[in-house]
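Comments concern the structure below.
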There are 2 protein chains.
Amino acid sequence: MKRPTLEAVAARAGVSRATVSRVVNGSATVNPRIRTAVLRAVEELGYIPNSAARSLVTQRTGSIGLVVSEPPARVFSDDPFFLSVVRAVSQELEAADKQVVLMMPSTPAGQARVERYVAGRHVDGVILLSQHGADPLPAALLRTGVPVVSHGRPVSTARPPYCDADNVGGARAAVEHLLATGRRRIAAITGPPDMSAGLDRLAGYREVLSGTDRRSLAALGDFTRESGAAAMAQLLEDDPGLDAVFAANDLMAAGALHALRKAGRRVPDDVAVVGFDDIDAARYTDPPLTTVRQPVVEVARAAVRMLLAGGERPAEPVVLPTELIVRDST
Amino acid sequence: MKRPTLEAVAARAGVSRATVSRVVNGSATVNPRIRTAVLRAVEELGYIPNSAARSLVTQRTGSIGLVVSEPPARVFSDDPFFLSVVRAVSQELEAADKQVVLMMPSTPAGQARVERYVAGRHVDGVILLSQHGADPLPAALLRTGVPVVSHGRPVSTARPPYCDADNVGGARAAVEHLLATGRRRIAAITGPPDMSAGLDRLAGYREVLSGTDRRSLAALGDFTRESGAAAMAQLLEDDPGLDAVFAANDLMAAGALHALRKAGRRVPDDVAVVGFDDIDAARYTDPPLTTVRQPVVEVARAAVRMLLAGGERPAEPVVLPTELIVRDST
DNA sequence: CTGAAAGCGCTTACAG
DNA sequence: CTGAAAGCGCTTACAG
């Protein structure tokens with residue numbers, strides 16, 4: 001059972017292919033009577049345009065690539081925040097009548113495939129997610145000439161336009177809150193040093209402390225729960241007198257909570273903990289986590305808009321405000 | 001700057017388009033000298049085949065659709081298990097040299113778009129994720145004639161071939177473990193009644209209890225943490241004497257843990273808790289959660305294989321074994 | 001082993 | 001407002 005073509009519809013409706021095409025594509029300049037006849041033929045035959053043929057002539061596909069370039073062993077296997085972002089972007093793209101092609105290359109070969117895919121114009125544009133500094137893919141994609149927008153400030157040498165949450169400001173609010181509630185020794189658990197979200201949050205933390213007489217004290221994490229627990233243990237060893245910790249994301253904050261409990265410290269009595277992201281789980285840690293909420297949907301929407309706007313001129317970055325959510329861990 | 005076409009490469013290499021096409025597609029029957037010349041021309045021009053043109057003639061796209069049909073308000077915004085599945089499927093598809101088109105329609109209009117997209121042969125096949133009983137999309141996709149495979153036993157009237165973990169067996173193992181460790185009043189927190197994973201796990205729970213003199217006692221959840229907490233509270237009210245609970249997924253088990261703590265019950269001393277999925281967070285609950293691990297990667301691989309095998313004959317379902325992971329909550 | 005030619009299914013100036 | 005025709009960039013029998 002072959003699929004009906006424009007040709008078949010035209011024959012059935014007794015008009016030319018051009019007319020059918022016009023009706024199908026909603027051109028205004030078609031006689032209402034003819035339009036009705038064509039629509040009926042389309043209906044009767046169950047006609048659906050062949051997208052390859054259409055793309056071939058229009059040079060557009062209606063698809064947008066969502067590229068997540070993540071080392072396989074890494075991070076996101078369990079980060080709900082990442083999923084929220086994918087959902088939000090997907091939702092916005094759907095609203096704009098675009099399809100989402102999800103690409104999560106985990107090997108150099110996979111990256112090469114993504115590059116070919118994009119260069120082959122399988123997609124009309126690309127949104128980059130969770131970039132790492134050393135990743136060569138963003139630059140490669142930029143070179144294809146396909147519009148590229150980054151979700152999150154890029155750290156690589158490639159400099160696509162981007163949208164992001166105000167990571168610096170959010171971190172600043174978190175640390176200021178800690179200070180305001182009387183904490184004296186505030187440590188930080190950082191994200192991976194090649195990701196802007198981690199970098200920017202650390203910068204916010206440092207900014208606030210540098211304005212006081214407090215020393216900053218940071219331990220390295222990689223956004224996983226495990227690394228948060230390990231970093232917390234390390235911090236307790238480095239400075240047993242600390243009374244607060246700012247973790248660069250909620251997953252690490254959850255790990256820190258775990259480590260504190262194991263070390264016999266009470267939260268918030270002995271040590272206050274603040275996270276970042278406000279994932280659902282933040283309301284379910286023990287105690288519920290004070291954290292910084294990001295405008296996930298708004299950032300996603302901004303990125304989609306920026307991309308669809310063409311990305312031709314070097315668009316100004318869009319940076320959206322965050323919000324401190326105070327719960328029981330501080 | 002227009003992209004070079006086959007034509008341009010042919011001109012540059014001094015051969016016909018047909019020959020270039022053969023070289024590009026790796027046909028064996030090409031004179032090595034000519035092949036080299038063509039390859040050089042491809043290289044020099046930076047030629048990349050236009051995928052729309054290729055699809056138009058080959059009738060294939062190299063893309064597979066991953067369809068997640070989930071009411072917007074629902075569940076998965078925070079379920080790490082879902083993300084694991086997406087990653088695993090994506091990984092397997094990548095290994096098979098296919099691209100992943102992620103479709104998460106959240107409105108009827110979105111569903112209609114997905115249907116058109118698939119019917120328009122934008123993809124060579126579809127993998128269905130997390131189906132709900134009432135969802136009309138699976139049946140619609142099946143009707144398009146495009147190969148469809150379900151990840152997870154389908155519950156709708158549509159009956160695509162499927163791959164799944166052994167949910168019944170896993171639940172059975174969990175409840176038997178509870179029995180073996182001396183628990184007498186074992187309650188259950190169920191998943192949504194229109195999803196097979198929840199249904200099958202409940203069935204496993206009932207099977208085991210029906211072989212004993214114990215009554216079964218279930219409260220309804222929907223796979224979210226919140227619903228797990230609410231269901232637990234309900235169960236404690238219904239039967240204050242319960243000493244164990246089997247939750248149909250880890251997120252609900254985490255919610256139950258929370259509710260138990262709030263009710264002043266100690267885990268596992270007063271009440272034992274078992275979950276299902278073995279998400280990363282299961283090792284970080286307080287106490288760490290006993291749960292049933294699913295072979296995520298293997299199920300994903302099986303689904304991809306089944307799909308690529310063509311799905312022509314009504315393939316036998318593939319159901320893979322689960323494993324009980326005992327931690328401190330039992 | 002290679003090339004000329006047909007054809008995949010559409011859109012879009014261009015005439016009328 | 002409508003149609004005939006060209007053309008999008010490829011692949012693939014079919015000859016040679």
Side-chain angles (χ1 to χ4, degrees), chain A residues 1-39 41-42 45-63 116-117 119-124 144-145, chain B residues 1-39 41-42 45-63 116-117 119-124 144-145:
Chain A
M1 42 145 229
K2 223 166 144 303
R3 297 168 57 206
T5 66
L6 249 203
E7 186 77 51
V9 177
R12 176 141 195 153
V15 298
S16 73
R17 273 149 57 212
T19 299
V20 176
S21 176
R22 290 191 189 99
V23 171
V24 169
N25 291 296
S27 162
T29 65
V30 175
N31 178 308
R33 220 191 317 281
I34 293 190
R35 140 170 283 121
T36 307
V38 170
L39 254 18
V42 165
L45 260 25
Y47 170 70
I48 294 179
N50 177 309
S51 20
R54 178 177 280 172
S55 291
L56 182 56
V57 25
T58 60
Q59 310 275 34
R60 330 205 71 249
T61 66
S63 298
R116 277 202 310 279
Y117 192 81
R121 292 300 192 280
H122 244 111
V123 292
D124 298 337
T144 64
Chain B
M1 45 148 226
K2 222 167 143 304
R3 297 169 57 205
T5 66
L6 248 203
E7 186 76 50
V9 176
R12 175 141 197 156
V15 298
S16 72
R17 272 150 57 211
T19 298
V20 176
S21 176
R22 289 188 191 104
V23 170
V24 169
N25 291 296
S27 162
T29 65
V30 175
N31 179 308
R33 217 186 324 275
I34 293 189
R35 140 170 284 120
T36 307
V38 170
L39 254 19
V42 165
L45 261 26
Y47 170 70
I48 294 179
N50 176 309
S51 20
R54 180 178 278 172
S55 291
L56 181 55
V57 26
T58 60
Q59 310 274 32
R60 331 204 70 248
T61 66
S63 298
R116 276 202 310 279
Y117 192 80
R121 293 300 192 279
H122 245 113
V123 292
D124 297 336
T144 63

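Proteins come first, then strands; the chains are lettered A, B, ... in the order of their sequence lines, and each starts at number 1.
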Going by purine N1 to pyrimidine N3 plus the second Watson-Crick contact, or the G-U wobble pair, all under 3.5 Å, which nucleotide sits opposite dA4(C)? none
Keeping T36(A) on the side-chain end and P32(A) on the backbone end, is there a donor-acceptor pair under 3.5 Å? yes
Which base, if any, makes a Watson-Crick or G-U wobble pair with dA13(D), both distances under 3.5 Å? none
Where the side chain of R12(B) meets the backbone of A37(B), is there a donor-acceptor pair that is under 3.5 Å apart? no
Assign each of A53(B) and T19(B) to its nearest nucleotide of DNA chain C by heavy atoms, then name whichever residue's nucleotide is nearer the 5' end. T19(B)
L56(B) vs N31(B), nearer the 5' end of DNA chain C by closest nucleotide: N31(B)
Main chain of A52(B), side chain of S55(A): is a donor-acceptor contact present, judged purely on distance under 3.5 Å? no
Start and end of the DNA chain D segment that chain B contacts, any atom under 4.0 Å from a heavy atom: dG9(D) to dA13(D)
At their closest point, which heavy atom of G145(B) faces which heavy atom of R121(B), and how far apart are they? C-NH2, 4.5 Å
Under a 3.5 Å threshold, yes or no: a donor from one side chain and an acceptor from the other, between Y117(B) and T144(B)? no
Minimal non-hydrogen separation, V24(A) against R54(A), with atom names: CG1-NH2, 3.7 Å
